[in-house]
Visitor: 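There's a structure below that I have some questions on.
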Amino acid sequence: MFFSRFLKLALILGLLSAIGPFAIDMYLPALPDIGRSLGAEVGAVQFSLTAFFLSLGVGQLLYGPVSDMVGRKPPLYFGLVLFTLASVGCALATDIETLVALRFLQGLGAAAGMAIPRAVVRDLHTGADAARLMSLLMLVFSVSPILAPLAGSGVIALTGWRGVFWAVALASVAGLALIYGALDETRTKAQRVESSFGSALRAYGVLLRDWHYLGLVGIGATAMAGFFVYLAGSPFVLINHYGLTPTQYSLAFSFNAIAFIGASQFTGAMGQRFGLVRLVKAAATASGLTMALLLGYYLLGGDELAVLITLYFIASGFMGLVIPTASVLALEKHGAIAGTASALLGTLQMLLGAAAMGIVSLFANGKPLPMVIGMACGALLGVLLTWVTLSGDPHDLLAAEAHG
């Protein structure tokens with residue numbers, strides 16, 4: 001019975017978290033059609049994607065404190081209603097300026113589904129159970145980049161690019177129904193008493209002065225940054241440099257996603273057995289060493305696709321252990337302000353990932369080496385942060401439980 005409730009909650013939270021990414025990934029195949037339909041330049045159409053990313057990142061800073069003050073469900077309702085209305089507006093837009101503005105509002109709405117589910121996890125669980133729930137949530141969430149582009153292509157073929165926005169509007173309505181019918185409020189009235197905008201600002205001040213929290217956020221963020229670099233560079237490297245077809249590229253991309261998703265499902269059991277701190281240390285170090293090996297291979301003149309795919313598959317598996325576990329540890333000591341802590345975590349990780357993409361793009365030449373350097377730098381910086389942040393950590397509660 002417990003497991004069925006656990007799985008049900010993970011499915012609900014994962015679907016809510018995936019609405020925003022789905023609106024990104026479904027939208028990508030529509031970009032050329034949008035430019036032709038609205039008579040817009042490529043840069044202007046791409047800015048509609050940038051506007052969504054910006055509001056998706058910044059919006060989390062607002063939803064987290066609000067969810068601490070009024071409960072988890074009201075801001076989820078507001079965010080998904082805003083997302084739904086903005087999606088309908090996007091479907092009806094007649095010029096690129098209107099589309100960009102509505103995409104910004106759409107991202108603000110989607111930010112609720114990014115920030116609040118992590119806070120719900122912290123409300124209900126800590127330690128190994130939290131890691132297990134977070135990994136299941138990420139399992140649902142991670143399906144998006146595999147399925148959404150294919151779904152978007154199908155919708156565009158049947159209805160044109162406007163159909164993508166009608167589809168995500170319907171998904172948002174389904175999310176509202178899930179919140180109403182299947183998600184209980186996890187932030188009690190007693191817990192909200194001390195929450196206010198003033199307390200939220202103080203909470204952000206506390207978090208930004210908490211080097212342990214920032215270190216744990218940074219561990220996950222550097223792992224995400226390496227993935228963002230791969231996300232941006234791999235189409236050019238795998239298709240243009242190595243000659244894969246788009247379908248073959250999709251399969252190669254899915255191969256790495258499967259490693260990440262599959263490994264993440266072991267975080268709860270391994271955390272219970274070895275302790276979350278030791279799990280992060282071991283997995284981050286192994287990921288860094290794997291990426292260092294890949295970097296060394298390319299620096300020495302290697303250029304085989306099989307090596308890139310194989311070593312990044314291994315590194316992705318280790319990252320699947322690092323990211324959800326580091327998130328759980330970051331929120332572990334901040335249960336009273338879990339919404340605020342979750343929001344800052346999401347924003348910082350997204351901004352660092354976007355910055356990494358921007359920096360590596362300055363050196364991109366369609367060859368593997370610049371991309372691999374960026375990926376390896378993210379992984380190795382993560383190793384450094386792991387050992388600085390967690391060295392001698394006395395709070396590995398799960399290890400004590402496992403051996404107590």
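From a predicted model like this one, the values you see are computed outputs, not experimental measurements.
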Visitor: Is it the case that atom OH in Tyr77 sees more than 12 heavy atoms from other parts of the structure closer than 6.0 Å?
Guide: yes
Visitor: Side chain to side chain contact (heavy atoms under 4.5 Å, CB included) for Leu295 and Leu369? Distances and angles first, verdict last.
Guide: CA-CA 8 Å; Leu295 176 60; Leu369 186 58; 4.3 Å; yes
Visitor: Report the distance from atom OG1 of Thr389 to atom CG of Leu214, rounding to the nearest 0.5 Å.
Guide: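 Going from the OG1 atom of Thr389 to the CG atom of Leu214 covers 9.0 Å.
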Visitor: Please step through side-chain hydrogen bond (donor to acceptor under 3.5 Å, both in side chains) for the pair Tyr297 and Asp303, ending with a clear verdict.
Guide: CA-CA 8 Å; Tyr297 171 78; Asp303 195 15; over 6 Å; no
Visitor: If we ignore hydrogens and angles and just use 3.5 Å, is the side chain of Lys367 paired with the main-chain N or O of Val237 as donor and acceptor?
Guide: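 Checking the backbone N and O of Val237 against the side chain of Lys367, no donor-acceptor pair under 3.5 Å is found.
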Visitor: Verify whether the ring centers belonging to Phe255 and Phe313 lie closer than 6.0 Å.
Guide: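 Centroid distance Phe255-Phe313: below 6.0 Å, so yes.
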Visitor: Could you state the interatomic distance from CE (Met319) to CD1 (Ile314), rounded to the nearest 0.5 Å?
Guide: 12.0 Å
Visitor: Check each of Val100, Thr98, Leu99 against Leu102 using the side-chain contact (heavy atoms from CB on, under 4.5 Å) test, and report the only one that passes.
Guide: Thr98
Visitor: Okay, side chain of Tyr298, backbone of Ile373: is any donor-acceptor separation there less than 3.5 Å?
Guide: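 No, because the side chain of Tyr298 does not come within donor-acceptor range (under 3.5 Å) of the backbone of Ile373.
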Visitor: Mark yes or no for whether Tyr213, through its side chain, and Leu345, through its backbone, hold a donor-acceptor pair below 3.5 Å.
Guide: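 Yes, the answer is positive, given that a donor and an acceptor are paired below the 3.5 Å cut-off.
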Visitor: Applying side chain to side chain contact (heavy atoms under 4.5 Å, CB included) to Leu183 and Leu178, what does each step give before you reach the verdict?
Guide: CA-CA 7 Å; Leu183 184 65; Leu178 275 176; over 6 Å; no
Visitor: Test Asp210 against His334 for side chain to side chain contact (heavy atoms under 4.5 Å, CB included), laying out the working first.
Guide: CA-CA 11 Å; Asp210 184 345; His334 295 289; 2.8 Å; yes
Visitor: Do side-chain atoms of Thr347 reach the backbone of Gly57 as a donor and acceptor pair under 3.5 angstrom?
Guide: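 The answer is yes, because a donor-acceptor pair under 3.5 Å joins these two groups.
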Visitor: Indicate yes or no: at least one non-hydrogen side-chain atom of Phe227 is less than 4.5 angstrom from one of Tyr312.
Guide: yes
Visitor: Kindly say whether Ile219 contributes a backbone atom to a donor-acceptor pair with the side chain of Thr222 at under 3.5 angstrom?
Guide: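 The answer is yes, because a donor-acceptor pair under 3.5 Å joins these two groups.
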Visitor: Look at atom CZ of Phe78 and say whether more than 12 heavy atoms of other residues, nucleotides or ligands are closer to it than 6.0 Å.
Guide: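 No, because the 6.0 Å sphere around CZ of Phe78 holds 12 heavy atoms or fewer from other groups.
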Visitor: A side-chain contact here means heavy atoms from C-beta on lying under 4.5 Å apart; do Ile309 and Leu238 qualify?
Guide: yes
Visitor: Does the side chain to side chain contact (heavy atoms under 4.5 Å, CB included) test come out yes or no for Gln106 and Leu82, once each step is laid out?
Guide: CA-CA 7 Å; Gln106 194 186 36; Leu82 177 60; over 6 Å; no
Visitor: Let me confirm one number: the CE-CZ distance from Met270 to Arg278, rounded to the nearest 0.5 Å.
Guide: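 Answer for the CE-CZ pair, Met270 versus Arg278, is 11.5 Å.
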Visitor: Using atom types as modelled and distance alone, determine if a side-chain donor or acceptor of Ser172 lies under 3.5 Å from a backbone N or O of Leu80.
Guide: yes
Visitor: Would you find a donor on one side and an acceptor on the other, under 3.5 Å apart, between the side chain of Ser391 and the backbone of Val388?
Guide: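 No, Ser391 side chain to Val388 backbone: no donor-acceptor pair under 3.5 Å.
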Visitor: Within this structure, what is the CG-CZ distance for the pair Leu92 and Arg162, rounded to the nearest 0.5 Å?
Guide: 7.0 Å
Visitor: How long is the straight-line distance from CG of Leu62 back to OG of Ser55, given to the nearest 0.5 Å?
Guide: 10.5 Å
Visitor: Mark yes or no for whether Ser67, through its side chain, and Arg72, through its backbone, hold a donor-acceptor pair below 3.5 Å.
Guide: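 Checked: no pair found.
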Visitor: So, Gln349 side chain and Gly218 main chain: donor-acceptor pair closer than 3.5 Å or not?
Guide: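 No; zero donor-acceptor contacts below 3.5 Å.
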Visitor: At what distance, to the nearest 0.5 angstrom, does OG1 of Thr325 lie from CZ of Phe266?
Guide: 13.0 Å
Visitor: Please list, chain by chain and in numerical order, all residues satisfying side-chain contact (heavy atoms from CB on, under 4.5 Å) with Ala169, sequence neighbours excluded.
Guide: Thr84, Ser87, Val88
Visitor: Classify the angle between the aromatic ring planes of Trp161 and Phe165 as parallel (below 30°), tilted (30 to 60°) or perpendicular (above 60°).
Guide: perpendicular
